[in-house]
Amino acid sequence: MLNINEIKNMIEGLAEGWSVKSDSIHIMDFDGDGMEEIAAGCSRAAGDCLVILKNDGGAWSIEDQLFRKGSEIRFIQPFQIGISTIAVGWDDRTHGPKLGIYSFGRGKISSVLREEAAFDQIEIEDMPGRKGMDGVDELAIWTRESGEAYRIGVYRLHKGRLMAAYDLYPYYFRKAEEYFLAKSQSAPDSSFYRYYLAEVQWNAGDALKSFSTLQAAMMLENPYPSEKELREISEQIEAVIDQKSVQLFPAPVKTVDGDKWGYINKRGIFSLKPIYDSASNFQENNTAIISKSNLYGIIDPLGNELVPPAYSTINSLAPDRWSAFSGKGFRMIDQNGQVMTNDSYDYIGAFHEGRALCGKQKQNQYVYGYLDQSGHLAIPLKYIEAGDFSQDGAVVKESENRYSLIDKLGTSIMQYHHYFVGECREGMLAFREGMESNLGYLHKNGDIAITPRFTSAQPFQEGKAVVGEKGKYGLIDHSGNFMIEPIYDDVQMLGEGRAAVGKAIDKTIPFMGFRSALFDLNGKQLTDFKFDGILPYEYGLSSVFDEMRTYFINMNGGTATSLPVLEGQGVLTVDKTLIKAEIDRRTAYYDFHGALVWKQPSDIHLNSQWRLMEQKAKPNKNYLVYYPEVQGMNSFEQQKSLNAEYKKAANVKSITSGEKLDYRYEGDFSVAFFQKDLLSVEFDGYQYYFGAAHGMPSKVFVHASLKNGKVFSLQDLFKEKSNYVKQLNDIISEKIKKDPQYDYVFQDSFQGIKSDQPFYLTGDSLIIYFTPYEIAPFAAGFPEFKIPYEDLEPLINKQGEVWESFN
């Protein structure tokens, strides 16, 4: 077969004065006779023409030609519709670009498309529908509207006409979304491209994304096409969302039975009552993970238990796949609870590119492989290290100084012989030659792209990577040039063309945190260093907080004033058609006009007489405590005294707002037990000293009678002069010796309880507990020993105030 240059020379020799367009030559069997023909575009003095050449007896000749006076051929591309055809883009100098589709048979070029279509850009491919690809090509036609904004249609050829292929919209418009997202980032002050981005997201079938993008567009100056039109479109989309998507939002409340979660609708009314210990967001497939009694399950929007709470944990892997942990390890399940894996694993990660990383210990070595969405082990457990898949593949470690980039079948695409190789993103991989060596970057083919000189190197995204030099951080491009010089204490990629750049609040104590500024990825500083926290961008908005407030900023770092601006520190997130605010450890929901929809209640009604009112102490941004005040007691003095005990147990301190603390403290409370007159309140705290490996949790219970305000200690449960300490010591010692669940207790660490040992009560048992490190490792938390009252029957003072207060 002739090469391109030979074909070009041959045609120009056959037709004097013609010039062949080298990028328009295609060789294939156009007429179905089993012999290949040549299609090519040629330029003539008066215009361009499409020519078909056929080989007859060893000699090539021009079989037919289609000449268009005053037109230029922009492209020629094969177009498979069961028969081989040619799509030709003609650029008519008078009427603009036009698409024609032609077949070749019986020596003649014939038009297949009855009416030529206008276009500015065209993509042709066999697009996957619901059942995958069908071997027939379809077209995406882009027509310019204004600037670099386009209307896009996806079509298939049917009986000589282009028919809209709506079933292919989800596939193609997800691809087109990347174009308009990039355009939106290039013009962050303009709503122009966001309007088109919302349209593309709608056509991709993602109404929620489209709705959120429109909300962000309305907040910019001079909304396009107008604020009124954007609002009308937004309301129409919201109506569709209400019909197709579950508009339920997880909401916590404090109750007599402790902290509980339910689900509110978008009007702030509970659709599912707060009966869960935890509740996650509803996903695309209208399912949510909940927990009851420390066991996890999956529910539908009606509260039906698709998977009853039976697992110690459940994690979402994909819209219809979860990993669920039982005693033997993690298994993959579907939304009906059907176990899909034949084996259990110590770890199953989320799906990326149709593969989920999994691992388990085998013969004293941890090994990794990959599952497919059917739960089958698509790639065996054989790697000593492995990462998630990206479009480039997954990087795995096969042995010391030997890494591979593998495809989804586990086939090695490229091998790398280095001490360390990181994940592959944008065709680049971080690497180092030895344990103490600096880091650089490799090209995907193994060639060195950036010479090692960094102390840290993160994967590339959006054409940039965060790197470290001598304890400072900056941002480089693919050539290793610094976009942001390595002079900062922190750099975080935020997505959508933005980065958070941090300076230490106190240079002498860098671990006290950073104050960040917003930069673009070319190194332009967009704001002052004023944020104590800044989250990744989504829909053109980033949630930030400073010393006083939490709010959204736009792409240039300006406050999105039409959205909630709230006192306190926390996070704002777009959740379907509402904005979720988690500020100072409390939850609220707002609409996109900034109006409050629902706020976490601050009172607990114990019964018709007594209730607890939540109080907040935040004297300093690093010190936050919630504590209760009881109301309704008969004696004001007794009520005042009990509330003083609560405040003391909550560890409320007198700290000035400007005082520099070398730690962070958070405290909260919940009702642990309430029966008859006895109220047990649990106070939980967490103190973290900046720079420490971890913080230290605390747990205190206050047990009191609401009849007289008396606070009870452990000894008050037992008869006077009874040797309850010895009895409890014997029971606990026996449990540690014989019960396997206490294997974690340090040997010989239990030396007996104190007379005022921490405890709490339930309806049927006494619970003795210990603080972290006291008798067990930190990871064990607060070791507990449950002792039924019947085991302590002879010692309990059943005429005493404690017993009578709840019996």
Side-chain angles (χ1 to χ4, degrees), residues 181-182 184-189 418 420-444 447-537 540 542-547 553-558 690-691:
L181 188 59
S184 297
Q185 293 166 8
S186 69
D189 288 333
H418 303 283
F420 164 79
V421 177
E423 58 185 308
C424 188
R425 292 287 186 274
E426 300 181 1
M428 305 275 277
L429 310 89
F431 81 104
R432 72 164 88 232
E433 295 291 0
M435 183 182 297
E436 303 298 328
S437 302
N438 283 333
L439 287 146
Y441 287 91
L442 302 170
H443 286 300
K444 184 176 176 179
D447 294 340
I448 293 178
I450 301 172
T451 304
R453 66 178 192 270
F454 310 117
T455 52
S456 65
Q458 296 181 18
F460 271 88
Q461 54 179 307
E462 298 185 79
K464 308 295 187 297
V466 177
V467 296
E469 283 189 354
K470 300 176 181 178
K472 298 293 183 179
Y473 299 91
L475 197 68
I476 60 169
D477 63 13
H478 279 186
S479 298
N481 301 314
F482 276 104
M483 300 291 100
I484 297 175
E485 291 296 324
I487 57 175
Y488 298 101
D489 297 299
D490 185 58
V491 177
Q492 299 291 330
M493 296 287 280
L494 301 177
E496 300 193 23
R498 296 294 180 264
V501 177
K503 291 181 178 179
I505 295 173
D506 187 333
K507 292 183 179 180
T508 63
I509 316 175
F511 48 75
M512 284 189 68
F514 314 109
R515 193 146 286 143
S516 297
L518 184 69
F519 280 61
D520 69 17
L521 299 190
N522 293 318
K524 181 181 179 181
Q525 183 176 337
L526 303 176
T527 69
D528 294 333
F529 288 85
K530 60 182 181 178
F531 304 117
D532 287 339
I534 179 165
L535 267 64
Y537 271 86
S542 169
S543 174
V544 302
F545 65 87
D546 55 30
E547 290 191 335
I553 58 172
N554 58 29
M555 294 294 292
N556 280 336
F690 300 126

Provide the closest heavy-atom pair for [X] versus [Y] in the form atom of the first, atom of the second, distance.
{"X": "His443", "Y": "Leu429", "result": "O-CD1, 3.7 Å"}
{"X": "Tyr441", "Y": "Ala457", "result": "OH-CB, 3.2 Å"}
{"X": "Asn556", "Y": "Thr527", "result": "O-CG2, 4.0 Å"}
{"X": "Gly502", "Y": "Ser516", "result": "CA-OG, 3.8 Å"}
{"X": "Glu496", "Y": "Gly540", "result": "OE1-N, 3.1 Å"}
{"X": "Pro452", "Y": "Phe431", "result": "CG-CZ, 3.5 Å"}

Without placing hydrogens or testing angles, list every side-chain donor-acceptor pair under 3.5 Å for residues 421-428, not counting sequence neighbours.
from   : atom 1 : to     : atom 2 : distance (Å)
Glu423 : OE1    : Arg425 : NH1    : 3.3
Glu423 : OE1    : Arg425 : NH2    : 2.7
Arg425 : NH1    : Ser390 : OG     : 3.2
Glu426 : OE1    : Gly463 : N      : 2.9
Glu426 : OE1    : His478 : NE2    : 2.9
Glu426 : OE2    : Glu462 : N      : 2.6
Glu426 : OE2    : Gly463 : N      : 3.0

Handout entry: Charged N-O contact under 4.0 Å between Asp532 and Arg515
Key =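 Yes, this pair counts.
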Practice task
Measure the CD-CD1 distance between Glu485 and Ile476 for me, rounded to the nearest 0.5 Å.
Solution key: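 Rounded to the nearest 0.5 Å, the CD-CD1 separation comes out at 11.5 Å.
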Fill in the blank from the handout: Output for pair (Leu526 CG, Ile553 CD1), nearest 0.5 Å, gives 9.0 Å
Side chains of [X] and [Y]: closer than 4.5 Å at any heavy-atom pair?
{"X": "Tyr473", "Y": "Ile484", "answer": "no"}
{"X": "Thr455", "Y": "Leu439", "answer": "no"}
{"X": "Asp520", "Y": "Arg498", "answer": "yes"}
{"X": "Lys530", "Y": "Asp546", "answer": "no"}
{"X": "Leu521", "Y": "Met483", "answer": "no"}
{"X": "Phe519", "Y": "Leu475", "answer": "no"}
{"X": "Asn438", "Y": "Phe454", "answer": "no"}
{"X": "Gln492", "Y": "Ile534", "answer": "no"}

Handout entry: Non-neighbouring partners of Lys503 that pass side-chain contact (heavy atoms from CB on, under 4.5 Å), sequence neighbours left out
Key = Tyr488, Asp489, Phe529
Exercise for the section: Start with the C-alpha gap between Phe545 and Leu535, add the side-chain angles, then the distance that decides, and say whether side chain to side chain contact (heavy atoms under 4.5 Å, CB included) holds. Expected result: CA-CA 9 Å; Phe545 65 87; Leu535 267 64; 5.6 Å; no
